[in-house]
Amino acid sequence: MLEGVWFIIWGILWAVYFMLDGFDLGVGLLLPFLGKSDSEKSVLLSSIAPFWDGNEVWLITAGGVTFAAFPGAYAAIFSAFYTPLIVILFALMARAAGLEFRGKCRSPFARKACDCALFFGSLLTAVLFGVAFANIFRGIPIDGDGVFQGTIFTFLNLYGLAGGILFLLLFLHHGSLWLVVRSAAAVRERAIKASKTIWVFLALWAVLFLVLTRFHTGLYANYVLMPLLFLIPLVAVGALLLSRWFAARSAWWKAWTASACLIVFCTLFGVVGLYPHLLPSTLDRAFSLTVHNSASSPLTLKIMLIVALIFVPIVIVYQTIVYRIFAGSAITGDESDMEEY
């Protein structure tokens, strides 16, 4: 029972992280394309300045829950995905350094270096998270001791790469809509055009990814056993269509909210299909790590649940206040409403 509860919490935490940090990553990806001048790039970065570090709290929380609730799966995942996760770590560090130091650099070369750190940090993080989760859904070669029997090239399969591109398009779309609601003038107009163009590629790639999921994973098994679960991918499809519908009517906040729902339900689609596995084995299904054979003791799970029920609402309230304070007006580029970025 407790293992199932923590599996649900685990999936929701990852979904929330991708939803929130997704627009930060999207803005970083769009920086060289929508920011035509140094001041316009400052507008882009100021749009995420009050939020990005708070959003990454959910990454720490999701990773912490993986470690505390499912230590067996945590050990296998961080061992098998050691190289991609280390690259993600350095990419996040590069992105943070680029964002924080850009406004303090006076030489054009240093500012361009920060821009490169932001772009490539966002690119690697988005793509590698997609590749990692697609491979988790697909399964990886682990033996009965949870030891990975592959190489870095094992992850570069068709489905894994398709997952990386899907995440990239999801975050690009999410970030472009964020810029529409949080910027003004020329940046906003470019963001509107970008969001509509990206949506087309995202819609086409999402269809392809669903087809590939049928042939490369066992995710649909749970949905066939319990057809009511098909509401999850249907909500994701509805959110995708609604984001375009709202955009066509210039209801940009609603379009961004639909995009946020799309990311959440795309993540939950994979997580629900994965249950009860956390890391399926492609060598032998008996070697797979599940919520049962990799979970902590019942006492640990009970104590953690009490802690989560106390502190997670506090984090949610804090972030809600931050978003209400800073998300109400657009960044115009005037010094009065722009951080030093």
Side-chain angles (χ1 to χ4, degrees), residues 15-36 40-52 54-56 58 95 99 118-119 122-123 125-127 129-130 165-206 235-267 319-320 322-324 326-333 337 341:
V16 171
Y17 167 68
F18 291 137
M19 175 189 71
L20 293 178
D21 207 28
F23 71 80
D24 296 334
L25 294 168
V27 170
L29 288 164
L30 291 166
L31 182 67
F33 306 104
L34 300 188
K36 301 300 183 182
E40 287 183 351
K41 289 178 181 178
S42 294
V43 170
L44 267 73
L45 299 180
S46 293
S47 72
I48 62 173
F51 313 107
W52 74 271
N55 293 341
E56 290 197 349
W58 295 98
R95 186 183 67 143
L99 185 61
L118 277 159
F119 173 75
S122 300
L123 177 65
T125 302
V127 172
F129 264 130
I165 295 173
L166 178 66
F167 270 48
L168 180 66
L169 291 171
L170 282 169
F171 296 160
L172 279 168
H173 181 248
H174 203 39
S176 64
L177 290 174
W178 180 258
L179 288 171
V180 174
V181 298
R182 285 287 293 163
S183 59
V187 171
R188 186 174 189 271
E189 293 304 314
R190 293 190 204 109
I192 289 173
K193 293 179 181 178
S195 69
K196 293 178 179 179
T197 301
I198 294 166
W199 186 90
V200 175
F201 289 99
L202 173 58
L204 293 173
W205 198 263
V235 171
V237 172
L240 176 62
L241 297 174
L242 278 174
S243 69
R244 185 67 184 88
W245 191 81
F246 285 131
R249 285 153 182 77
S250 298
W252 296 109
W253 268 117
K254 292 179 180 179
W256 183 85
T257 302
S259 175
C261 290
L262 169 62
I263 293 175
V264 168
F265 280 89
C266 278
T267 307
Q319 281 208 288
T320 301
V322 171
Y323 274 81
R324 288 181 65 87
F326 291 103
S329 59
I331 304 294
T332 64
D337 67 1
Y341 290 98

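Along the sequence shown, residues carry numbers from 1.
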| message | Show, in sequence, the C-alpha distance, side-chain angles and deciding distance for Lys36 and Lys41, and conclude whether the side chain to side chain contact (heavy atoms under 4.5 Å, CB included) test is met. | response | CA-CA 7 Å; Lys36 301 300 183 182; Lys41 289 178 181 178; over 6 Å; no

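Trp178 places a side-chain N or O within 3.5 Å of a backbone atom of Ser47 that can act as its donor or acceptor partner. A donor-acceptor pair is defined here as one N or O able to donate and one able to accept, closer than 3.5 Å; such a pair exists between the side chain of Asn55 and the backbone of Leu20. Of the possible polar contacts, one joining the Gln319 side chain to the Gly54 backbone as a donor-acceptor pair under 3.5 Å is found. For the pair Thr267 (side chain) and Ile263 (backbone), a donor-acceptor distance under 3.5 Å is present. Thr125 places no side-chain N or O within 3.5 Å of a backbone atom of Ser122 that could act as its donor or acceptor partner.
Tyr323 and Phe23 have perpendicular rings, their planes meeting at more than 60° on a 0 to 90° scale where under 30° would count as parallel.
Nearest heavy-atom pair across Ala255 and Ala247 is CB-N, 4.0 Å. Residues Glu56 and Tyr17 share a closest heavy-atom pair of CA-CE1, 4.3 Å. In plain terms, the two heavy atoms of Phe246 and Ala258 that are nearest each other are CD1-CB, 4.4 Å. Residues Pro50 and Ser46 share a closest heavy-atom pair of CD-O, 3.7 Å.
In this view, Val264 and Ala15, Met19, Leu268 satisfy the side-chain contact (heavy atoms from CB on, under 4.5 Å) rule, not counting sequence neighbours. Not a single side-chain hydrogen bond (donor to acceptor under 3.5 Å, both in side chains) links Arg188 to another residue, sequence neighbours left out. Residues forming a side-chain hydrogen bond (donor to acceptor under 3.5 Å, both in side chains) with Glu40 (at least two apart in sequence, or on another chain): Arg190.
The structure places CG of Leu44 at 10.5 Å from CG of Leu118, a figure rounded to the nearest 0.5 Å. Interatomic distance, CG of Leu166 versus CH2 of Trp205, reported as 9.0 Å (0.5 Å rounding). In this structure, CG on Leu240 lies 8.0 Å from SG on Cys266, to the nearest 0.5 angstrom. Remark: Ser259 OG to Phe171 CZ distance equals 10.0 Å, nearest 0.5 Å. Interatomic distance, Phe119 CZ to Leu29 CG, rounded to the nearest 0.5 Å: 6.0 Å. Between atom CG of residue Leu25 and atom CG of residue Leu172 there is a gap of 9.5 Å, rounded to the nearest 0.5 Å.
Residues Ser176 and Leu30 form a side-chain contact, since some pair of their non-hydrogen atoms from C-beta on lies under 4.5 Å apart. In this structure the side chain of Leu242 never reaches within 4.5 angstrom of the side chain of Leu262, judged on heavy atoms. Between Trp252 and Ile192 there is a side-chain heavy-atom pair separated by less than 4.5 Å. In this structure the side chain of Asp24 reaches within 4.5 angstrom of the side chain of Arg95, judged on heavy atoms. His174 has its side chain out of reach of Leu170: every pair of non-hydrogen atoms, C-beta onward, lies at least 4.5 Å apart.
Ring centers of Phe129 and Phe18: under 6.0 Å apart, within the cut-off.
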